[in-house]
Amino acid sequence: VNPYGFSWGMRCNENNVDINRNFVNFDLNITVDNESDYKCIEDFLQLNSIINIDKFMLMLNNLPTLINRYGKAFIIDNVYRGQYISPTGLFYGGNCIELSTKRIVHLYTPIIGDYRYAINLDLHTGLGEAGSANIIFCESSWDLSYDKSIQIYGNKLTSWRDNSAVSYAFNGKLMTGLSHKFGLSKMINTTVEFGTISEDQVFIALCAANILWNNKEMLDDKFKMLLRKIIRDAFYPESPVWRKKILSQFQLVSDTVIN
């Protein structure tokens with residue numbers, strides 16, 4: 001559904017839109033209350049000006065200053081939440097429904113059909129202890145789908161609402177869009193987040209991906225290879241041990257759903 005992202009190993013598409021921030025109603029005047037706060041972070045990082053390894057290392061050395069100035073919680077909240085004001089920035093949600101978003105809905109429609117309810121597993125890598133599978137209920141309200149999720153996963157289920165999840169609440173997520181399309185009580189939505197590396201390293205990988213998208217025509221091959229390695233190590237490590245753990249964890253989760 002996102003051939004550009006698949007080809008380049010990035011979560012964004014050719015328009016720098018994060019598809020998992022694009023499920024919003026663009027007919028409404030979209031405003032989020034973190035716009036000015038996000039711009040503070042973007043102006044500090046200046047990712048679209050990083051065109052060589054020296055500037056990248058300077059950015060890494062300045063990250064502690066960013067954290068000391070704003071606090072890690074402030075940065076995480078205002079970056080991961082998604083933003084709709086900076087087309088070249090991190091976690092950009094777009095200004096219209098992307099083709100990939102339409103394609104996802106199109107693919108789901110015949111699958112869900114007239115079923116009474118559907119269990120949707122949204123698979124991610126990055127946050128959490130390396131090799132762990134974190135099952136997350138990502139909706140903001142306790143409703144029928146939460147009750148059904150508890151029935152399926154029991155005490156393994158974590159949630160944004162009680163702050164037990166390893167990930168963070170954000171706007172325009174795929175699962176909410178599908179729930180509104182097919183019915184809130186029909187979709188049993190959970191994310192499975194497979195941990196890879198530390199949260200700080202994941203953030204650096206997100207910055208690396210944004211640099212690659214913004215400046216790829218100006219980067220030399222050595223720098224491109226470095227950025228791609230950082231992204232790959234954050235989201236799909238080459239470690240055979242990690243991959244074996246992930247396959248084992250996914251098997252346990254899928255068996256739980258099926259049974």
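Residue numbers count from 1 along this sequence.
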> What's the spacing between R69 CZ and N62 CG if we round to 0.5 Å?
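Spacing of CZ (R69) from CG (N62) equals 9.5 Å.
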> What's the shortest heavy-atom distance between G89 and N210, and which atoms?
O-ND2, 3.3 Å
> Compare all side-chain heavy atoms of I135 with those of E193 and state whether any distance is below 4.5 angstrom.
no
> Could you tell me whether the side chains of Y153 and T256 share a donor-acceptor contact shorter than 3.5 Å?
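There is no such pair between these side chains.
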> Distance alone, cut at 3.5 Å: any donor-acceptor contact between the side chains of S179 and N189?
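Judged by distance alone, the side chains do pair up.
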> Please evaluate residues L47 and L90 with respect to the criterion side chain to side chain contact (heavy atoms under 4.5 Å, CB included), reporting the C-alpha separation (whole Å), side-chain torsions for both, the decisive distance (0.1 Å), and the verdict.
CA-CA 9 Å; L47 297 178; L90 293 163; 4.0 Å; yes
> Quick check for you: to the nearest 0.5 Å, what is the distance between L227 atom CG and W8 atom CH2?
10.5 Å
> For F137 versus L157, what's the shortest heavy-atom pair and its separation?
N-CD1, 3.9 Å
> Can you tell me how far the CE atom of M59 sits from the CG atom of L66, to the nearest 0.5 Å?
10.0 Å
> Under the 3.5 angstrom rule, does the side chain of K224 hit a backbone N or O of K216 as a donor-acceptor pair?
yes
> Compute whether any side-chain donor of one residue and acceptor of the other, for T196 and W242, lie under 3.5 angstrom apart.
no
> Could you tell me which non-hydrogen atom of L123 sits nearest to which non-hydrogen atom of F250, and how far apart they are?
CD1-CE1, 3.8 Å
> Between F182 and T109, does the side chain to side chain contact (heavy atoms under 4.5 Å, CB included) criterion hold? Intermediate values first, please.
CA-CA 8 Å; F182 300 109; T109 300; 3.7 Å; yes
> Keeping the roles fixed (side chain from S7, backbone from P3), state whether a donor-acceptor pair exists under 3.5 Å.
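Answer holds: yes.
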> With a 4.5 Å cut-off on side-chain heavy atoms, are Y4 and N15 touching?
no
> Can you tell me how far the CG atom of N95 sits from the CD1 atom of I85, to the nearest 0.5 Å?
13.0 Å
> Go through F74 and N78 one step at a time and tell me if the side chain to side chain contact (heavy atoms under 4.5 Å, CB included) criterion holds.
CA-CA 6 Å; F74 176 92; N78 289 293; 3.5 Å; yes
> With a 4.5 Å limit on heavy-atom distance, are the side chains of F203 and L63 in contact?
yes
> Taking only Lys NZ, Arg NE, NH1 and NH2, and the carboxylate oxygens of Asp or Glu, determine whether D233 and K229 approach each other closer than 4.0 Å.
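Salt bridge present between D233 and K229.
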> Same hydrophobic cluster for L58 and L45, using side-chain heavy-atom links shorter than 4.5 Å among ILVMFWY?
no
> Do L127 and F194 have side chains that get closer than 4.5 Å, going by heavy atoms?
no
> Can you get from M225 to F223 by hopping between Ile, Leu, Val, Met, Phe, Trp and Tyr side chains that sit under 4.5 Å apart?
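They do not share one cluster, since no chain of ILVMFWY contacts under 4.5 Å joins M225 to F223.
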> Under a 4.5 Å cut-off applied to non-hydrogen side-chain atoms, are F26 and V24 in contact?
yes
> The test is side chain to side chain contact (heavy atoms under 4.5 Å, CB included); show your working for Y80 and N171 and say whether it passes.
CA-CA 9 Å; Y80 283 81; N171 302 302; over 6 Å; no
> Check for a donor-acceptor pair, side chain of N52 on one end and backbone N or O of K55 on the other, with a separation under 3.5 Å.
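Pair found, side chain donor or acceptor close to backbone of K55.
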> Side chains of E42 and S86 only: does a donor on one sit below 3.5 Å from an acceptor on the other?
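Note: E42 and S86 side chains meet the donor-acceptor criterion.
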> Would you say the side chain of I188 lies within less than 4.5 Å of the side chain of Y146, judging by non-hydrogen atoms?
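In short, these two side chains do not touch, never coming nearer than 4.5 Å.
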> Are M218 and I230 linked, directly or through other ILVMFWY residues, by side chains that come within less than 4.5 angstrom of each other?
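Same cluster.
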> Would you say the side chain of I19 lies within less than 4.5 Å of the side chain of I104, judging by non-hydrogen atoms?
yes
> On the six-membered ring of Y236, is R243 placed so that its NZ or CZ lies under 6.0 angstrom from the centre and within 45° of the ring axis?
yes
> Under 3.5 Å, is there a donor-acceptor pair between the side chain of N61 and the main chain of M57?
yes
> Assess, by modelled atom type and distance only, whether the side chains of D147 and Q151 contain a donor and an acceptor separated by less than 3.5 Å.
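No, no side-chain donor-acceptor contact under 3.5 Å.
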> Near N259 CG, under 6.0 Å, is it more than 12 heavy atoms from other residues, nucleotides or ligands?
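Result for CG/N259: enclosed.
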> Identify whether F44 and I75 are in the same connected component of the hydrophobic contact network (ILVMFWY, side-chain heavy atoms under 4.5 Å).
yes
> Are any of the side-chain heavy atoms of N2 and M10 separated by less than 4.5 Å?
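The answer is no, as the side chains (C-beta and beyond) never meet within the 4.5 Å cut-off.
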> Restricting to non-hydrogen atoms, name the atom on N134 and the atom on G195 that form the minimum distance, rounded to 0.1 Å.
ND2-N, 4.3 Å
> Around Q46, counting heavy atoms of other residues, nucleotides and ligands shown, do more than 12 lie under 6.0 Å from its CD?
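Enclosed: over 12 neighbouring heavy atoms sit under 6.0 Å from CD of Q46.
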> Could you pull out the closest heavy-atom pair between A165 and W160, with the gap in Å?
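For A165 and W160, the tightest heavy-atom pair comes out as CB-CD1, 3.8 Å.
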> Regarding N22 and D18, is there a side-chain donor-to-acceptor distance under 3.5 Å anywhere?
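Short answer, no.
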> Closest approach of S149 and T190, non-hydrogen atoms and distance?
OG-CG2, 3.9 Å
> Between the side chains of D162 and S164, does any donor sit under 3.5 Å from an acceptor?
yes
> What's the separation between atom OG1 in T88 and atom CG in N215, rounded to the nearest 0.5 Å?
9.0 Å
> I'd like to know if K173 and D122 make a salt bridge, using a cut-off of under 4.0 Å between side-chain N and carboxylate O.
no
> Heavy-atom count around K245 NZ within 6.0 Å, excluding the residue itself: above 12?
no
> Determine whether the side chains of Q251 and S248 contain a donor N or O and an acceptor N or O closer than 3.5 Å.
no
> Do we get R21 above F170's six-membered ring, with its NZ or CZ under 6.0 Å from the centre and within 45° of the axis?
yes
> Within 45° of the six-membered ring axis of Y108 and under 6.0 Å from that ring's centre, is NZ or CZ of K181 located there?
no
> Which value, rounded to the nearest 0.5 Å, describes the distance between Q83 atom CD and F91 atom CZ?
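If we round to the nearest 0.5 Å, Q83:CD and F91:CZ are 10.0 Å apart.
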> Using the rule that two of Ile, Leu, Val, Met, Phe, Trp, Tyr join whenever any of their side-chain heavy atoms come within less than 4.5 Å, decide whether I51 and I204 are in one cluster.
yes
